[in-house]
Amino acid sequence: VGGFGAKDGFLMAFTITPGVILALGLVSICEGFGGLLAAKQLMSPLFRPLLGISGICGLAFIASLQSTDTGAGMTKELFDSQSITDQERSIFCQLQLSGGATITNYFGSGAAFFPFLAVPIGLPLLLVFVMKIFGANVMRFILYVDSKKSH
């Protein structure tokens, strides 16, 4: 009584479902027009050296900056279609989910703190991105060490 329950959880899921479905539909359209291949070409020079993953994850990364659920759904589709390997998926999930929906949360929830910041508004956001890359590379290192142990 007076608390949060299954009804509130269902209503929250119900409100985000249309956005996730729309984003996944847009990804399918982009894929049909070669958008994933274009993302691979554009993002591979950045993602390969920085993270060791394919640039095909670029579109999913951009989506995950807005919605964690959409990014996760797109990553699942990339893995299911064998566009990325299991190791790439692990690294990419670490990149996505550390600071999930970064842009949305930063400018949505974080805006309340902007008047109190003693640094430029973009600096904390930059730090979040740096730490996302750092975390993904920690995962990359762990996977590398694990693969050396198994051989």
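It should be emphasised that the depicted structure is a prediction, and the values quoted were computed from it without experimental measurement.
Under the 3.5 Å distance criterion, the side-chain polar atoms of S81 are matched with a main-chain donor or acceptor of L78. In this structure, N105 contributes its side chain and G110 its backbone to no donor-acceptor pair below 3.5 Å. The main-chain N or O of S64 is never found under 3.5 Å from a side-chain atom of S67 such that the two would form a donor-acceptor pair. In this structure, K40 contributes its side chain and G55 its backbone to no donor-acceptor pair below 3.5 Å.
Taking the six-membered ring for Trp and the full ring otherwise, F114 and Y106 have centroids separated by under 6.0 Å.
Contact detail for L36 and I56: the closest heavy-atom pair is O-CG1, 3.7 Å. For the pair L95 and I133, the tightest heavy-atom approach, listed with the atom from each and the gap, is CD1-N, 4.1 Å. The two residues L59 and C30 have their closest heavy-atom pair at CD2-CB, 4.0 Å. The nearest pair of heavy atoms linking Q66 to A101 is O-CB, 3.7 Å.
Two residues are said to be in side-chain contact when any heavy atoms from C-beta on lie closer than 4.5 Å; Q94 and V138 fail this criterion. Using a 4.5 Å heavy-atom threshold, the side chains of S83 and E77 count as separate. Contact annotation: the side chain of F134 approaches that of M131 to within less than 4.5 Å [non-hydrogen atoms, C-beta and beyond]. The shortest distance between side-chain heavy atoms of I84 and T75 falls below 4.5 Å. Two residues are said to be in side-chain contact when any heavy atoms from C-beta on lie closer than 4.5 Å; F141 and N137 fail this criterion. Taking 4.5 Å as the limit, every side-chain heavy atom of C57 sits out of range of all side-chain heavy atoms of M43.
If you chain together hydrophobic residues whose side chains sit under 4.5 Å apart, L97 and F129 never meet in one group. Linking Ile, Leu, Val, Met, Phe, Trp and Tyr residues whenever their side-chain heavy atoms come within less than 4.5 Å leaves F113 and L123 in two separate clusters. If you chain together hydrophobic residues whose side chains sit under 4.5 Å apart, I53 and L143 fall into the same group. Linking ILVMFWY side-chain heavy atoms closer than 4.5 Å, directly or via other members, places I103 and I121 in a single hydrophobic cluster.
Checked for salt-bridge contact, D86 and R89 meet the test: a charged N lies under 4.0 Å from a carboxylate O. Salt-bridge annotation for R48 and E88: present, with a side-chain N of the basic residue lying under 4.0 Å from a carboxylate O of the acidic one.
By the 30° and 60° cut-offs, the orientation of the rings of F61 relative to F47 is perpendicular.
Heavy-atom contacts from other residues, nucleotides or ligands closer than 6.0 Å to OH of Y144 number 12 or fewer.
Atom OG of S90 and atom CZ of R140 lie 13.5 Å apart (nearest 0.5 Å). A distance of 13.0 Å separates CE of M74 from CG of D69, quoted to the nearest 0.5 Å. Here L65 contributes atom CG and L125 contributes atom CG; the two are 9.0 Å apart, rounded to the nearest 0.5 Å.
Of the N and O atoms on the side chains of T68 and Q96, not one donor lies less than 3.5 Å from an acceptor on the other residue.
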